[in-house]
4 protein chains.
Amino acid sequence: MTDDESSVPRWRRRKQDRPQEIVDAALDVFGERGFAAARLDDVAARAGVSKGTLYLYFPNKEELFKAVVRSAIVPNLEMAERLLAGAEGPSFAVLEALLGLMATRILRTKAGAIPKLIIAEAGNFPDLARFYYEEVIRRAFALLSAVLARGVARGEFRPLDIDATVRLIVAPMLMSALWRSTFEALEGRPLDVPALVRAHLDNLRRALAPDGEGPDGGTGGSAS
Amino acid sequence: MTDDESSVPRWRRRKQDRPQEIVDAALDVFGERGFAAARLDDVAARAGVSKGTLYLYFPNKEELFKAVVRSAIVPNLEMAERLLAGAEGPSFAVLEALLGLMATRILRTKAGAIPKLIIAEAGNFPDLARFYYEEVIRRAFALLSAVLARGVARGEFRPLDIDATVRLIVAPMLMSALWRSTFEALEGRPLDVPALVRAHLDNLRRALAPDGEGPDGGTGGSAS
Amino acid sequence: MTDDESSVPRWRRRKQDRPQEIVDAALDVFGERGFAAARLDDVAARAGVSKGTLYLYFPNKEELFKAVVRSAIVPNLEMAERLLAGAEGPSFAVLEALLGLMATRILRTKAGAIPKLIIAEAGNFPDLARFYYEEVIRRAFALLSAVLARGVARGEFRPLDIDATVRLIVAPMLMSALWRSTFEALEGRPLDVPALVRAHLDNLRRALAPDGEGPDGGTGGSAS
Amino acid sequence: MTDDESSVPRWRRRKQDRPQEIVDAALDVFGERGFAAARLDDVAARAGVSKGTLYLYFPNKEELFKAVVRSAIVPNLEMAERLLAGAEGPSFAVLEALLGLMATRILRTKAGAIPKLIIAEAGNFPDLARFYYEEVIRRAFALLSAVLARGVARGEFRPLDIDATVRLIVAPMLMSALWRSTFEALEGRPLDVPALVRAHLDNLRRALAPDGEGPDGGTGGSAS
DNA sequence: TATGAATGAGACTTCATTCAT
DNA sequence: TATGAATGAAGTCTCATTCAT
């Protein structure tokens with residue numbers, strides 16, 4: 001009857017943190033198992049919460065999934081917007097900065113699992129796919145298109161198929177994120193993302209340069 | 001029209017064709033829903049077969065899934081091997097042929113859904129992921145590495161980070177496959193894969209060329 | 001194209017044997033697995049016949065089961081009747097002969113599995129249970145009751161609770177049959193049925209003897 | 001009576017009692033149908049619980065079955081041990097007490113269905129059969145063997161084939177249990193177990209008595 | 001708020017039975 | 001007759017969701 005272990009919690013869990021704790025746990029579990037195979041039991045356990053508690057914050061599994069996606073997207077959108085606002089130097093330097101940032105997000109955060117989840121579940125959750133398409137892909141494409149168009153207009157880049165080039169620029173970053181959540185466990189070593197980005201930028205510098213100009217016409221900086 | 005009960009047999013014997021019919025139907029359904037959300041009822045219905053019949057040919061859902069993956073991989077491996085055997089011209093032409101073939105497989109066959117399935121389910125089926133990694137990815141990487149190394153040795157390409165370059169070459173093709181099975185339904189128009197391949201090859205021609213050489217040093221051919 | 005293996009069968013399988021072959025196989029499988037857990041696939045395989053063939057001879061699983069029970073019962077009934085007809089000596093000798101015969105059936109034939117099947121499935125097949133009850137148990141009890149009554153009337157046995165004594169005589173034989181199909185595989189050695197019968201008869205000789213008479217008043221023969 | 005939707009809660013919390021309630025219901029259903037033919041739906045219904053609830057307490061049907069067997073065995077083991085501990089009088093009186101107790105368990109408790117279940121399913125659940133063999137049969141045999149050996153040593157019983165005699169003593173009790181769960185429903189009247197036990201003891205008293213001693217040398221008590 | 005026991009729809013899987021060959 | 005591919009009802013089991021506590 002002596003309350004020798006309940007009266008003084010070592011740390012107080014704040015109620016306002018609950019939703020984020022749950023979302024974080026859900027990102028882990030969804031990332032490991034995929035949406036359908038993930039059990040809410042596991043999410044609850046990893047969040048240190050009971051199963052019923054999940055339903056105090058999210059009406060069902062699908063909405064929790066959407067919250068996971070949104071919560072991982074919002075910071076990226078803000079990051080992109082900040083970068084867009086401050087982009088004033090040479091166009092290639094903007095590309096460098098963007099790819100560097102993407103690499104960092106992929107390597108350092110758990111958000112790298114989001115593309116895999118979207119790809120896997122787009123067929124089952126069309127509105128989620130649409131949300132991601134509108135809020136992430138279209139915005140990112142518009143941003144990159146603008147950078148490329150500016151570069152072409154300023155004579156920094158040769159004339160380009162802009163839509164295709166945007167995809168060509170993004171593809172290796174997407175692939176890196178997918179690789180990490182798919183095959184990295186099978187290989188001994190982790191994917192060397194910085195080296196990949198470096199090689200990618202090397203290639204891009206040569207590929208985008210106006211004809212007749214040497215590859216050294218770029219900024220010369222190296223990523224990361 | 002009066003013999004309404006004898007003219008249409010309830011089923012027909014198809015021992016030879018059934019497995020492939022089932023695997024085809026399963027590829028459709030798995031491709032649309034993912035492994036976990038796919039119902040065997042739907043697979044059976046699409047194969048024009050009853051649920052029980054699936055179990056005459058596959059011991060369970062997981063093995064059916066593996067058979068789907070395998071059946072879509074085998075032709076690709078054969079394709080790659082045929083291409084490897086006949087590769088004797090300029091190295092860049094080999095790249096062109098390879099990317100063209102990949103584009104065709106992605107556009108014309110249903111195998112384009114396989115990468116999405118592997119990515120989505122690698123966590124739940126590690127041995128399937130390993131199988132795919134060993135049999136497809138490693139082989140494809142080895143093949144591309146060989147082509148690049150040969151190009152460098154023959155002075156056709158500048159010195160390269162070969163591992164990274166392989167990934168950079170493959171990434172847009174993978175992205176195309178994923179795009180088609182993820183977002184294409186959301187956009188009005190289909191992804192213009194040939195244009196993407198063309199732009200990719202354009203870029204690669206410039207990016208891989210030895211320094212000091214103009215972009216016209218390539219073969220000049222256009223894909224597809 | 002040379003018919004070197006199909007034109008001259010080494011032995012011809014006669015059509016009229018089929019039903020019995022199937023019943024024999026079914027007794028094996030039912031005996032091992034019980035009725036519900038037995039698969040007709042296994043019965044067919046053990047009979048060297050296809051699954052469909054079973055249905056040429058038996059309308060369904062339940063009727064096959066009944067045929068199995070009947071086919072194992074008929075010889076026993078005949079045996080009992082033959083024994084009943086020739087019973088003329090001392091009453092205890094009739095008991096000895098009867099128990100000896102039961103022991104033989106249990107040890108030498110596969111019919112020992114029948115009691116187990118009846119016991120296990122009586123709840124699911126009441127009419128089968130009734131059939132067994134009427135045709136086997138009642139007859140056997142009547143036979144034994146008659147022997148005991150005769151013995152009492154002739155002063156060979158003391159006054160007895162005949163119904164109870166019948167059960168006491170039969171119980172060890174039933175137990176032996178059940179033991180063989182239940183626990184014998186778990187023990188190193190098989191149950192020594194002859195020894196059990198010998199001890200049983202020893203006991204019975206003493207237990208049935210009229211009071212005041214020594215145990216040596218019996219026939220002194222030993223079973224098996 | 002008008003508040004027809006709030007007065008009856010859909011379910012109540014019963015964490016403490018649920019397992020036993022389920023095991024009791026399962027004993028009923030398994031006893032009636034046998035393991036394979038028993039439906040978990042029926043078990044759940046009889047326990048007043050939903051199908052899913054079963055899986056909160058037992059991982060699958062097989063484990064539920066084992067729990068049923070175990071739960072019916074434990075009290076019997078304790079009973080036997082209690083009896084063994086207090087056995088100090090004449091050996092035959094111990095036998096009388098033992099058989100009386102067995103008769104009570106068979107008549108008054110539902111555990112009488114256990115032997116039938118074990119016999120029916122030993123082939124499908126060898127480890128369960130082994131468990132029963134080790135924990136029940138061997139112990140019971142050892143106990144009875146000890147009583148008999150003591151009786152022989154003390155001159156209360158004639159020299160005996162102990163192993164066989166143990167089986168001869170137990171057989172009628174086993175048969176009674178099986179009879180009750182097999183044929184009793186077919187007959188108008190229930191099996192008169194006490195009469196059977198009485199006759200059994202009568203016989204045993206005569207059969208075990210040392211030669212030259214009258215049957216009146218026993219304790220003279222009557223069972224139940 | 002928080003819990004977790006309880007629910008029940010829905011999925012996979014089995015297998016007795018049917019029937020085209 | 002004989003076969004065995006095909007069927008589909010029925011059962012076990014899972015897990016998102018509810019709700020008494």
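Owing to the predicted nature of the structure, the values given are computational and were not obtained by experimental measurement. Order of the sequence lines fixes the chain letters, A, B, ..., with proteins taken first and strands second; residue numbering starts at 1 for each chain.
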### Task
Would you kindly compare A36(A) and A36(D) by the position of their nearest DNA chain F nucleotide and give the one closer to the 5′ end?
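The residue closer to the strand's 5' end, by nearest nucleotide, is A36(D).
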
### Query
Which residue lies toward the 5' end of DNA chain F, L54(C) or K61(D), if each is placed at its nearest nucleotide?
L54(C)

Atom pair distance, as rounded to whole Å: [atom1] in [X] and [atom2] in [N]:
| X | N | atom1 | atom2 | result |
| --- | --- | --- | --- | --- |
| Y55(D) | dT7(E) | OH | P | 15 Å |
| N60(B) | dT14(E) | CG | P | 8 Å |
| F58(B) | dT14(E) | CZ | P | 15 Å |
| L40(C) | dT18(E) | CG | P | 12 Å |
| I22(D) | dC13(F) | CD1 | C1' | 15 Å |
| D41(D) | dA9(E) | CG | C1' | 12 Å |
| L64(C) | dC15(E) | CG | P | 16 Å |
| E63(D) | dC13(F) | CD | P | 10 Å |

### Task
Before accepting this row, confirm whether a basic side-chain N of the pair D42(B)/R39(B) lies closer than 4.0 Å to the acidic partner's carboxylate O.
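Here D42(B) pairs with R39(B) in a salt bridge, since their nearest N and O are under 4.0 Å apart.
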
### Short side-chain N/O contact to dT1(F) OP1/OP2 from R18(C), under 4.0 Å
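It does not, given that no N or O in the side chain of R18(C) lies less than 4.0 Å from OP1 or OP2 of dT1(F).
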
NA contact type, [X], heavy-atom cut-off 4.0 Å: base, sugar-phosphate, or nothing?
| X | result |
| --- | --- |
| Y57(B) | sugar-phosphate |
| A45(A) | nothing |
| L56(A) | base |
| A44(B) | nothing |
| A38(A) | sugar-phosphate |

### Task
Looking only at non-hydrogen atoms, find the nearest pair between S181(A) and G112(A) and report the distance.
OG-O, 4.2 Å

### Message
Using side chain to side chain contact (heavy atoms under 4.5 Å, CB included), reason through R46(B) and E32(B) one step at a time and then give a plain yes or no.
### Response
CA-CA 13 Å; R46(B) 197 168 309 206; E32(B) 283 165 19; 3.0 Å; yes

### Message
Once side chain to side chain donor-acceptor pair (under 3.5 Å) is applied, do any residues pair with R33(A), and if so which ones, sequence neighbours excluded?
### Response
none

### Task
Can you tell me which stems involve DNA chain E, if a stem is defined as three or more consecutive Watson-Crick or G-U wobble pairs, both distances under 3.5 Å?
E:2-21 with F:2-21

### Task
Please determine if K66(A) forms a cation-pi arrangement with F125(A), meaning its NZ or CZ atom is less than 6.0 Å from the six-membered ring centre and no more than 45° off the ring axis.
no

### Query
Quick one: does NZ or CZ of R18(D) land under 6.0 Å from the six-membered ring centre of Y57(D), within 45 degrees of the ring axis?
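Pair R18(D)/Y57(D) does not count as cation-pi.
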
### Message
Evaluate E121(A) against N124(A) for side chain to side chain contact (heavy atoms under 4.5 Å, CB included), listing each step before the verdict.
### Response
CA-CA 5 Å; E121(A) 300 298 337; N124(A) 296 320; 2.9 Å; yes

### Query
Quick one: salt bridge (charged side-chain N to carboxylate O under 4.0 Å, His left out) partners of D24(B), sequence neighbours excluded?
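Scan of D24(B) (salt bridge (charged side-chain N to carboxylate O under 4.0 Å, His left out), adjacent residues dropped) gives none.
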
### Query
Where along residues 28-35 of chain B does a heavy atom come under 4.0 Å from DNA chain F, residue by residue in number order?
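The answer is none.
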
### Message
Show me the pairs that pass salt bridge (Lys or Arg N to Asp or Glu O under 4.0 Å) and involve residues 111-120 of chain A, at least two apart or across chains.
### Response
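Residue pairs passing salt bridge (Lys or Arg N to Asp or Glu O under 4.0 Å), neighbours aside: none found.
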
### Query
Hey, are the side chains of L27(D) and I114(D) touching, using non-hydrogen atoms and a 4.5 Å cut-off?
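A side-chain contact under 4.5 Å exists here.
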
### Query
So do L54(C) and I22(C) actually touch side chain to side chain, heavy atoms under 4.5 Å?
yes

### Message
Does the plane of the ring in F30(D) sit parallel, tilted or perpendicular to the ring in F65(D)? Use 30° and 60° as the thresholds.
### Response
perpendicular

Distances for protein N/O vs nucleotides 8-10 of chain F N/O pairs under 3.5 angstrom?
none

